[in-house]
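All of these numbers come straight from a predicted model, not from anything done at the bench.
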Amino acid sequence: MMTTLPTKSFRTGRFLALLLPIAIGSLHLSAQSQSVAQSQTQSPTVSPPAAPPPLRFEVASIHPDRSAGDEPSDRRVLPGGRFVATATTVRTLIRIAFGTDDNRMSGAPGWIDSETFDINATTADHAEVSTPQQFQQLILSLLEDRFQLKFHREQKEGPVYWLELDKPGKLGPALKLSTPASKPNLSTNSNGSKAVMKASKMFMADIAAALRRQAGRPVEDHTDLKGDFDFQIEWAPEETPDSTDPSLFTVLKEQLGLKLQSAKGITETVVIDHITHPSAN
């Protein structure tokens, strides 16, 4: 199963402009009275630019998958604001929308696991998907609009991992700062015996979020590393006597110079209050 995130820039639109009123005082001295007169002028307040509206799918075709299990499950974001999914369960869509795992969901009916769908959707005005957050918001809006999803969140303290540098100030040999030519991309592919993660032009916070499902619990970025990074790693999802690949923990330490440190943190569960089969196209 492979989920490929958008390949446009993930770094656009992160700014906030705010001009505070400035008091300008001018002093006028009188030679006879030596009195001081002060006057102040105030510049007009400039409002910050309005945030762009969230992306939504203008057209979305959803059909039950008829491949009888012969077609692999796949999801891709394509140029022109297109999202194409094949043989995809609704649980997978929920995982994408909330960036969560199966054990962080509750209340969902059984058909979200047993039934698969083919989806072909396009954003309004063919707006490009440029950040992982936009991609998640698009999938959430699809679930809300077409599957009538209603949910709430519950939080509690639980086990998490802190993603940290194994040795202060030292990166692993496979972890490289991105070059200007790098294209934003983050994907994970697993066939059961080997998992491969490829990252290009990714913040450490993005990488920590991507490791959540692989590590089995939430992962928080505590590396203090700034900038974008590229890497490719391979590991054995489940170590067996005949495994030729090391574990994820070993690969992170030896190839990326990172480690997952057990800690306590706030974990979130998504509770599904209502969801239905997709509405008609």
Side-chain angles (χ1 to χ4, degrees), residues 2-16 95-101 103-104 129-137 155-190 194-239 245-269:
M2 181 175 70
T3 301
T4 304
L5 293 184
T7 57
K8 291 287 182 183
S9 171
F10 287 172
R11 310 294 165 231
T12 60
R14 297 184 181 179
F15 64 89
L16 179 66
R95 278 202 302 259
I96 294 171
F98 294 100
T100 192
D101 309 310
N103 60 354
R104 305 291 181 206
V129 183
S130 58
T131 70
Q133 292 75 22
Q134 284 181 330
F135 182 51
Q136 288 182 289
Q137 178 57 46
Q155 294 184 332
K156 62 180 181 180
E157 187 179 63
V160 302
Y161 283 122
W162 285 8
L163 183 65
E164 301 175 335
L165 279 170
D166 184 46
K167 297 179 180 178
K170 185 175 181 180
L171 303 182
L175 186 62
K176 308 291 185 183
L177 282 169
S178 301
T179 66
S182 294
K183 301 292 185 181
N185 185 62
L186 181 60
S187 64
T188 304
N189 187 24
S190 176
K194 176 185 290 188
V196 180
M197 177 179 285
K198 298 179 182 179
S200 176
K201 211 172 184 64
M202 286 290 113
F203 286 149
M204 272 295 148
D206 299 326
I207 295 167
L211 288 170
R212 173 175 183 155
R213 189 178 181 196
Q214 317 304 323
R217 65 175 73 170
V219 178
E220 300 175 4
D221 174 32
H222 288 263
T223 63
D224 291 326
L225 292 175
K226 309 301 181 185
D228 305 312
F229 295 88
D230 300 350
F231 67 83
Q232 177 173 330
I233 54 175
E234 300 179 4
W235 70 93
E238 295 183 9
E239 286 190 279
D245 294 298
S247 69
L248 174 62
F249 289 80
T250 299
V251 167
L252 288 174
K253 182 176 292 189
E254 294 182 353
Q255 297 189 29
L256 303 185
L258 305 174
K259 64 180 179 181
L260 293 174
Q261 184 69 41
S262 293
K264 287 288 187 180
I266 299 300
T267 63
E268 182 177 89
T269 298

Report task. Please lay out, stage by stage, how Glu268 and Thr100 fare under the test side chain to side chain contact (heavy atoms under 4.5 Å, CB included). Result -> CA-CA 9 Å; Glu268 182 177 89; Thr100 192; over 6 Å; no
Report task. Could you walk me through whether Leu171 and Leu256 pass the side chain to side chain contact (heavy atoms under 4.5 Å, CB included) test, one step at a time? Result -> CA-CA 6 Å; Leu171 303 182; Leu256 303 185; over 6 Å; no
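Under the side-chain hydrogen bond (donor to acceptor under 3.5 Å, both in side chains) criterion, Asp221 pairs with Thr223, sequence neighbours left out. In terms of the side-chain contact (heavy atoms from CB on, under 4.5 Å) criterion, Lys176 has no residue partners (sequence neighbours excluded). Taking Arg217 as the reference, nothing meets the salt bridge (charged side-chain N to carboxylate O under 4.0 Å, His left out) condition, with sequence neighbours excluded. For Gln214, the side-chain contact (heavy atoms from CB on, under 4.5 Å) partners at least two apart in sequence or on another chain are Thr188, Met197, Trp235, Leu248. For Lys198, there are no side-chain hydrogen bond (donor to acceptor under 3.5 Å, both in side chains) partners at least two apart in sequence or on another chain. With sequence neighbours left out, Glu254 forms a salt bridge (charged side-chain N to carboxylate O under 4.0 Å, His left out) with no residue at all. Contacts of Phe229 classified as ring-ring contact (aromatic ring centres under 6.0 Å, His included), with partners at least two apart in sequence or in another chain: none. By the side-chain contact (heavy atoms from CB on, under 4.5 Å) test, Gln136 is found to be paired with no residue, residues two or more places apart in sequence or in another chain being considered. By the side-chain contact (heavy atoms from CB on, under 4.5 Å) test, Thr269 pairs with Ser106, Val271, sequence neighbours left out.
Nearest heavy atoms, Ala199 versus Leu186: CB-CD1, 3.7 Å. Across all their heavy atoms, Asp230 and Ser200 have their closest contact at OD1-CA, 3.3 Å. Closest approach of Leu163 and Met204 over heavy atoms only: CD2-SD, 4.2 Å. Between Val251 and Pro246, the shortest heavy-atom contact is CG2-CG, 3.4 Å. Of all the heavy atoms in Leu260 and Ala215, the pair that sits closest is CD1-CB, 3.9 Å. When all heavy atoms of Pro218 and Pro159 are compared, the pair lying nearest together is CD-O, 3.9 Å.
Residue pairs meeting the ring pair (Phe, Tyr, Trp, His ring centres under 6.0 Å) criterion with at least one partner in residues 168-188, sequence neighbours excluded, do not occur; the list is empty. Sorted by first then second residue, the side chain to side chain donor-acceptor pair (under 3.5 Å) pairs that include residues 156-171, not counting sequence neighbours, are Trp162-Glu220, Trp162-His222. The list of side chain to side chain donor-acceptor pair (under 3.5 Å) pairs with a residue in residues 257-266, not counting sequence neighbours, is empty.
Judged by distance alone, the side chain of Gln134 and the main-chain N or O of Ser130 form a donor-acceptor pair under 3.5 Å.
Taking CG of Leu177 as the start and NZ of Lys226 as the end, the distance is 13.5 Å to the nearest 0.5 Å. Taking CD from Gln255 and OG1 from Thr250, the interatomic distance works out to 10.0 Å, rounded to the nearest 0.5 Å. Atom CD1 of Ile207 and atom CD1 of Ile233 lie 9.0 Å apart (nearest 0.5 Å).
Looking only at side-chain heavy atoms (C-beta outward), Gln232 and Val196 come within less than 4.5 Å of each other.
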